[in-house]
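Here's the structure we're looking at; comments come further down.
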Amino acid sequence: MYRTTTALVALTLGIAFAGVAAADPVEDTLVIEAEDGMVEIVTTAPAPDHLKDVMDTIYSGWHYREDETRDLERDDFDNPGMVYVDRGLDLWNSPIGAGGESCAGCHEGPESLAGLRAVTPRVDAKTGALMTIENYIDACVTERMGQESWGWTSSQMKDMLALISMQSRGMAVNVAIDGAAAPFWEKGKEIYYTRFGQLEMSCANCHEDNQGRFIRADHLSQGQINGFPVYRLKDAGILSAQQRFVGCVRDTRAETFKPNSEEFKALELYVASRGNGLSVEGVSVRH
Amino acid sequence: MMRQICLVAVLSMSLATPALTETAPKEVQFHEGKVEASLSGQPGDPANGIKVMTTAALGNCVACHTIAALPEVQFPGDIAPPLDGVADRWSEAELRGIVANAKMTFDGSFMPAFYKTEGFIRPGGGYSGKAPDGDLPPILTGQQIEDVVAYLLTLKE
């Protein structure tokens with residue numbers, strides 16, 4: 001919409017509006033050196049069918065970061081996010097339940113959860129509820145281990161999220177958007193295109209209409225979440241997808257939704273579906 | 001980092017409380033996008049206009065626009081048309097209208113409305129992420145908009 005208007009303004013006024021050439025995502029490929037071998041990550045893929053009318057190609061946010069930041073993700077030894085994965089593994093094996101239960105006691109190794117990150121958020125067949133990985137973790141912690149909830153952004157929650165996400169590294173994101181997921185997906189889509197806040201900006205305004213351009217010094221990516229949780233250099237910590245949403249909505253001078261709100265859960269499903277076909281990155285690195 | 005930004009935002013909010021002599025945002029008359037009268041009843045100060053346009057917590061115009069006359073601005077964005085020569089393309093009243101509420105000139109524009117206080121979806125108090133305490137002030141005061149317009153009027157080619 002805005003592009004046509006601008007093009008029109010530029011045309012009718014006969015001015016060259018090129019300015020600084022829009023910077024495309026960097027051409028590069030990601031192969032991660034892990035303890036047990038090399039993991040190929042699909043960071044560029046054809047857009048899923050439901051996005052075909054707005055874009056041809058989807059890109060991981062990795063393509064929009066500087067060389068040094070991209071390099072940190074090529075080797076687990078350099079990836080600062082791996083510390084949190086290790087902490088998650090310690091937590092996994094600890095007898096933290098009211099009766100001394102551990103995650104490992106029920107699930108054995110964390111690799112038993114391989115694949116989960118690629119298909120969540122998803123609708124739980126039994127309850128009909130939309131479930132993020134955090135929701136599954138919370139159900140175990142509170143209902144099966146008799147512990148107080150860890151909340152949605154505590155360090156315990158994010159360490160465990162990092163560990164579980166890593167088990168799906170390299171697998172293609174493939175969240176369901178039809179059937180029982182459809183109403184949640186529709187709701188998420190509506191939120192994605194709503195212009196929130198005093199700045200009246202939607203996710204799409206930045207990450208669809210203007211991806212590849214610079215908003216001040218920030219190179220706008222497609223806002224994909226296949227890389228989440230991310231290790232964010234600016235925060236020197238792990239960030240979940242919904243924490244990133246909080247930051248982006250706040251930057252529109254809006255009252256944000258909270259992590260684990262119905263709105264952000266639906267939005268997480270919708271944004272995840274825009275990345276169907278990209279690899280889960282496990283724990284990625286962003287600036 | 002975040003704390004700093006919030007602090008700046010809070011400061012700018014208190015600055016954005018409009019003086020009583022200014023035309024209230026709700027009262028501004030747009031005619032085909034144009035606003036004829038000064039919002040503050042005073043002339044603008046172009047030097048302060050530059051400050052408003054290049055300060056992140058104020059207008060932050062350079063988040064989206066480049067301005068060749070201000071080469072010292074680091075990393076301007078490239079989302080919107082360069083502002084070079086805008087005074088040749090638009091009159092003072094048109095520029096005042098664009099800065100106050102660009103959506104009156106460009107339907108559905110991505111450019112924020114800097115002198116508007118209602119009609120938003122979940123507006124927040126500045127960059128706090130929370131609902132505002134009390135009435136929502138405009139992003140810029142009427143005088144700040146006059147200052148910006150005064151500077152834009154110097155951008156001739």
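Throughout, a chain's letter reflects where its sequence line sits, starting with A, and its residues are numbered from 1. If you're wondering where the values come from, they're calculated on a predicted model, not measured in any experiment.
Closest approach of A/Phe214 and B/Ile79 over heavy atoms only: O-CG1, 3.6 Å. Between B/Pro112 and A/Met201, the closest heavy-atom pair is CG-CE, 4.0 Å.
With a threshold of 4.5 angstrom between heavy atoms, B/Thr105 does not approach chain A through any atom at all. When heavy atoms are compared at a cutoff of 4.5 Å, B/Asp88 does not approach chain A at all.
Scanning residues 189-199 of chain A against chain B with a 4.5 Å heavy-atom cutoff picks out A/Thr194, A/Arg195, A/Phe196, A/Gly197, A/Gln198, A/Leu199, ordered by number.
Under the salt bridge (Lys or Arg N to Asp or Glu O under 4.0 Å) criterion, A/Lys187 pairs with no residue, sequence neighbours left out.
Identified under the salt bridge (charged side-chain N to carboxylate O under 4.0 Å, His left out) test for residues 140-150 of chain B, with sequence neighbours left out: B/Arg96-B/Glu146.
Other residues, nucleotides and ligands place more than 12 heavy atoms under 6.0 Å from the NZ atom of A/Lys52. A 6.0 Å sphere centred on CD of A/Glu66 holds more than 12 heavy atoms belonging to other residues, nucleotides or ligands. Counting non-hydrogen atoms of neighbouring residues, nucleotides and ligands closer than 6.0 angstrom, the CG atom of A/Asp53 exceeds 12 such neighbours.
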Going through the checks in order, is the side-chain contact (heavy atoms from CB on, under 4.5 Å) test met by A/Phe257 and B/Arg122?
-> CA-CA 10 Å; A/Phe257 300 100; B/Arg122 294 178 74 87; 3.4 Å; yes

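To the nearest 0.5 Å, atom NZ of residue B/Lys103 and atom CD of residue A/Glu200 are 4.0 Å apart. Here CZ of B/Phe110 is found 5.0 Å from CG of A/Asn210. Values are rounded to the nearest 0.5 Å.
In this structure, A/Arg216 and B/Val73 have side chains that are in contact, with non-hydrogen atoms separated by less than 4.5 Å.
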Quick one: side chains of residues 56-65 of chain A, donor-acceptor pairs under 3.5 Å with protein atoms, not counting sequence neighbours, listed by atom name and distance.
| residue | atom | partner | partner atom | Å |
| --- | --- | --- | --- | --- |
| A/Ser60 | OG | A/Trp62 | N | 3.0 |
| A/Ser60 | OG | A/Glu281 | OE2 | 2.6 |
| A/Ser60 | OG | A/Arg286 | NH2 | 3.3 |
| A/Trp62 | NE1 | A/Arg70 | O | 3.2 |
| A/His63 | ND1 | A/Val26 | O | 2.6 |
| A/His63 | NE2 | A/Thr43 | OG1 | 2.7 |
| A/His63 | NE2 | A/Thr44 | OG1 | 3.0 |
| A/Tyr64 | OH | A/Gln211 | OE1 | 2.5 |
| A/Arg65 | NE | A/His287 | ND1 | 2.9 |
| A/Arg65 | NH2 | A/His219 | O | 3.1 |

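Of the possible donor and acceptor atoms, none in the side chain of B/Asp78 sits under 3.5 Å from a partner among the backbone N and O of A/Arg213. Counting only distance, with no hydrogens or angles, the side chain of A/Arg253 and the backbone of B/Pro123 share no donor-acceptor pair below 3.5 Å. Side chain of A/Arg250 to backbone of B/Lys130: no donor-acceptor contact under 3.5 angstrom is found.
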